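Here is the structure we will look at.
Please read all numbers here as calculations on a predicted model, not as lab measurements.
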Amino acid sequence: MTMEHYFETNDGARLPKIGLGTVYIKGAKGVQSTLSAIQNGYRLIDTSTNYNNEGMVGEAIRRSSVPREEFIISSKLPGEAHAYDKAIMMIQESLYRMGLDYFDKYLIHWPLPKQDKYVEAWQALVDAQKFGLIKSIGVSNFLEEHLDRIIEETDVVPATNQIERHPYFNNNELVRVNKERGILTEGWSPFGRDKVDVLGIDILKEIGEKYGKSSAQVVLRWNIDNDVLTVAKSASPENQRANLDVFDFSLTSEEIEKINALDKGEPGRVEGQHPNEYEEFD
């Protein structure tokens with residue numbers, strides 16, 4: 001892949017603009033699906049301890065002929081391990097589970113402000129990076145006040161913030177907040193959780209027809225044109241290839257605005273998971 005296929009983070013990491021999401025992908029079938037994605041060109045693979053599939057991802061990496069240094073392997077700290085010592089041990093256990101010596105990228109999955117330990121968890125990631133367990137550290141689902149607090153208390157700015165982002169919930173204000181702080185936005189659930197609902201939107205189909213692209217490809221390009229890295233789950237080889245075939249066109253500012261106008265605000269969230277309310281323990 002060329003430079004146009006990558007974003008660069010504030011800590012110098014080069015991350016592919018399209019990553020493979022693995023939520024709900026598990027077991028032997030998951031290994032084959034992930035191997036297919038690797039063969040189709042994916043190098044950023046996103047998992048989480050709470051996906052219960054870190055072992056599957058590690059097995060796919062071992063079976064692949066691609067050198068380890070070409071991968072960007074990312075996982076996330078679960079809410080149960082926000083306490084400093086638990087966080088350090090959880091990072092180590094995840095590495096053992098995956099058979100890796102280090103994570104290329106590691107995030108705090110949710111801030112869980114009601115627990116009020118996310119600063120402690122962030123300090124653990126800062127130290128784990130110093131220990132050599134993680135190359136690039138970031139967060140997920142953090143709002144402006146969460147970002148500012150961890151930056152103020154540790155003097156370390158996250159490299160990335162992975163947030164919910166799709167046409168029905170574009171989260172543009174948080175994308176702006178991230179950019180102001182030099183944080184790369186990653187988008188999760190780009191097609192929503194009901195693909196028929198999101199990908200059946202008429203305006204997406206109309207824009208796609210203009211470029212000879214699918215609605216999914218239009219959504220991915222919408223993210224790229226807004227400097228948002230996208231983590232897209234796909235188990236089929238055909239869709240995996242299609243999701244990477246988005247670098248031969250760009251959207252106009254008018255088309256981007258039409259997609260932005262689809263936003264439904266808070267009701268558009270896929271599962272109503274507001275970061276100030278959602279408890280990952282449930």
Side-chain angles (χ1 to χ4, degrees), residues 1-9 13-22 33-34 36-46 66 70-72 74 160-176 178-179 183-264 268 270:
M1 290 190 283
T2 63
M3 287 300 295
E4 70 170 334
H5 296 86
Y6 292 90
F7 288 118
E8 186 165 324
T9 63
R14 290 174 68 243
L15 304 179
K17 292 182 177 180
I18 304 289
L20 179 72
T22 63
S33 174
T34 304
S36 168
I38 293 169
Q39 291 164 0
N40 282 319
Y42 288 84
R43 293 298 179 265
L44 168 55
I45 302 177
D46 180 87
V66 175
E70 292 187 18
F71 284 109
I72 303 293
S74 180
T160 65
N161 184 14
Q162 187 178 115
I163 63 175
E164 180 178 351
R165 177 173 159 85
H166 48 81
Y168 282 155
F169 187 74
N170 63 45
N171 225 343
N172 276 343
E173 176 60 20
L174 192 48
V175 173
R176 181 193 64 78
N178 289 335
K179 188 171 291 189
I183 300 168
L184 175 66
T185 298
E186 301 181 61
W188 61 262
S189 199
F191 313 130
R193 291 281 166 85
D194 182 348
K195 293 187 179 182
V196 175
D197 184 27
V198 173
L199 298 185
I201 297 172
D202 287 341
I203 188 60
L204 297 180
K205 292 190 286 187
E206 290 171 11
I207 295 172
E209 287 173 4
K210 172 184 173 181
Y211 297 105
K213 299 293 182 179
S214 68
S215 295
Q217 290 169 316
V218 170
V219 170
L220 294 171
R221 189 68 223 187
W222 168 67
N223 271 335
I224 291 172
D225 288 341
N226 283 282
D227 297 324
V228 175
L229 185 161
T230 312
V231 175
K233 181 178 78 70
S234 178
S236 80
E238 181 181 9
N239 287 341
Q240 290 168 355
R241 289 189 291 269
N243 285 350
L244 293 180
D245 185 22
V246 293
F247 294 98
D248 57 352
F249 77 109
S250 293
L251 301 179
T252 66
S253 57
E254 182 182 6
E255 288 163 345
I256 290 173
E257 285 308 311
K258 286 182 178 179
I259 297 173
N260 287 344
L262 297 167
D263 182 67
K264 296 181 178 181
V270 291

Quick check: are there more than 12 heavy atoms from other residues, nucleotides or ligands sitting under 6.0 Å from CD of Glu254? no
Is the shortest side-chain N to carboxylate O distance from [X] to [Y] below 4.0 Å?
X      : Y      : answer
Arg176 : Glu173 : yes
Lys233 : Asp46  : no
Glu255 : Lys210 : yes
Arg221 : Asp225 : yes

If only atom types and distance count, is the side chain of [X] paired as donor or acceptor with the main-chain N or O of [Y] below 3.5 Å?
X      : Y      : result
Gln217 : Ala242 : yes
Gln240 : Tyr42  : no
Arg43  : Ile38  : yes

Flag side-chain contact, heavy atom, 4.5 Å: [X] against [Y]:
X      : Y      : answer
Tyr211 : Asp248 : no
Asn170 : Asn226 : no
Arg165 : Asn172 : yes

Only one of Asp245, Asn223, Leu220, Val231 passes side-chain contact (heavy atoms from CB on, under 4.5 Å) with Ile18; say which it is. Leu220
